Amino acid sequence: MTATRAGRFITLEGGEGAGKSTQLRRLAARLRGCGLRVVETREPGGSARAEALREVILSGKAKAMGPGGEALLFAAARMDHLDARIRPALARGEWVLSDRFADSTRAYQGALGALPGDLLDALERVTLDGTRPDLTLILDLPAELGMARADARRGGGQADRFESEGLDSHRKLRAAFLDIARADPARCVVIDASASPEMVEAAIWAAAHARFADELTRGAA
Ligand code: Z5A
């Protein structure tokens, strides 16, 4: 009888245009190449109810509630995402890759929205209820470069609630994600996201190997 291996939970974080979605797809493909079952998901969203909340939040309809109100909406979406999608997949032994997770609340609603740290700690405790990422990849690049990439991808389309923040806000966000990485080096790895997609992919794969060498080798066997 073969025991089901516990799944692993990996999150990708960083500012706008850092390449999280691009790299999540590439990492998923590499993990599948090792014979692992992989779930690709995102926040806000990832489950039906959380996707409905995503629409409300990114439309800007909740902006008037302030960062506290928005943080509660992100938390409600995250609780459903964890219950409906993340924990069941981990229990089945799957690897869950999420494009953003709780660190985004710390950076956007915390550093940018000036919510106090003790409030964020309490919210995180209740929301995550012990389910934390095994590895968080912080994709780091200068704010100007991230904004230019996101603008080019939008091709003149309308910016959403957070994309319309200015350069200073994006600089603050970058610093906030680097602070998060410094505060939790056992979980977080900072990746230079200004390099080519292939180089970023290789750096991420090296970080995953450093963290999960045994599992990746067994998966491929
Ligand atoms: N938010 C929050 O406030 N609080 C929370 O708790 C959570 C989220 C969970 C969700 O936006 C917003 O919600 C987000 C934070 C807030 N606000 N913003 N801005 P989203 O999900 O719609 O988008 P995003 O998470 O910000 O991701 P993004 O802007 O779509 O970027 P990305 O996923 O990091 O990048 P990408 O789509 O992979 O790449 C962007 C473009 O750059 C694309 O054309 C690529 O082809 C190109 N690219 C990617 N990598 C490279 C490299 N290495 N070189 C050159 N070009 C590249």
Side-chain angles (χ1 to χ4, degrees), residues 11-28 40-47 50-51 53-63 65-82 85-86 97-115 119-120 123-124 127-128 133 136-167 169-174 176-177 180 191-204:
T11 56
L12 285 86
E13 298 275 8
E16 195 194 349
K20 298 175 298 300
S21 317
T22 305
Q23 293 302 329
L24 187 142
R25 287 191 295 273
R26 289 173 179 235
L27 178 57
E40 297 176 48
T41 188
R42 68 171 180 182
E43 288 210 352
S47 62
E51 288 290 332
L53 284 172
R54 176 187 174 93
E55 272 185 47
V56 173
I57 299 168
L58 296 190
S59 70
K61 283 184 191 141
K63 187 176 180 183
M65 295 167 74
E70 286 184 317
L72 290 175
L73 289 175
F74 280 113
R78 184 161 303 129
M79 282 175 103
D80 191 68
H81 186 205
L82 280 159
R85 190 103 191 269
I86 297 175
L97 308 187
S98 185
D99 185 342
R100 295 194 183 280
F101 191 62
D103 294 319
S104 283
T105 301
R106 287 203 175 266
Y108 282 81
Q109 284 66 53
L112 212 55
L115 286 188
L119 191 152
L120 291 166
L123 193 58
E124 197 171 290
T127 310
L128 305 196
T136 294
L137 301 156
I138 307 258
L139 271 57
D140 175 62
L141 83 176
E144 295 85 342
L145 183 51
M147 287 179 78
R149 281 187 194 167
D151 285 348
R153 188 203 40 201
R154 252 193 323 273
Q158 177 102 34
D160 71 27
R161 153 77 181 88
F162 295 96
E163 288 167 348
S164 47
E165 295 282 350
L167 184 58
S169 296
H170 287 276
R171 288 192 176 130
K172 265 193 204 159
L173 284 168
R174 181 187 192 193
F177 279 116
I180 288 169
I191 302 287
D192 175 6
S194 64
S196 70
E198 291 68 31
M199 287 173 75
V200 178
E201 179 184 346
I204 286 177

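One-based numbering, in listed order, for ligands and for the atoms of each. Fair warning: this is a prediction, and the values are worked out from it, not measured in the lab.
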Is it true that E70 lies under 4.0 Å from ligand 1, counting heavy atoms only? no
Output all residues satisfying side-chain contact (heavy atoms from CB on, under 4.5 Å) with A71, sequence neighbours left out; order by chain, then residue number. T105, Q109, L115, L123
In the structure I gave you, are the side-chain heavy atoms of L97 and L27 within less than 4.5 Å of one another anywhere? yes
Does atom CD (E144) have a neighbourhood of more than 12 heavy atoms from anything else shown, all under 6.0 Å? yes
Would a search of protein heavy atoms around atom 23 (O) of ligand 1 find one under 4.0 Å away? no
Can L139 be said to touch ligand 1, with heavy atoms closer than 4.0 Å? no
Within 6.0 angstrom of E198 CD, more than 12 heavy atoms from elsewhere: yes
Please report which non-hydrogen protein atom sits nearest to atom 46 (O) of ligand 1, along with the residue it belongs to and the distance in Å to one decimal place. T22 OG1, 4.4 Å
Judged by non-hydrogen atoms, does A195 sit under 4.0 Å from ligand 1? yes
Could you pull out all residues at least two apart from F101 that satisfy ring-ring contact (aromatic ring centres under 6.0 Å, His included)? F9
Ligand 1 versus S196, non-hydrogen atoms closer than 4.0 Å: side chain, backbone, both, neither? backbone
contact_flag R54 ligand 1 heavy-atom lt 4.0 Å: yes
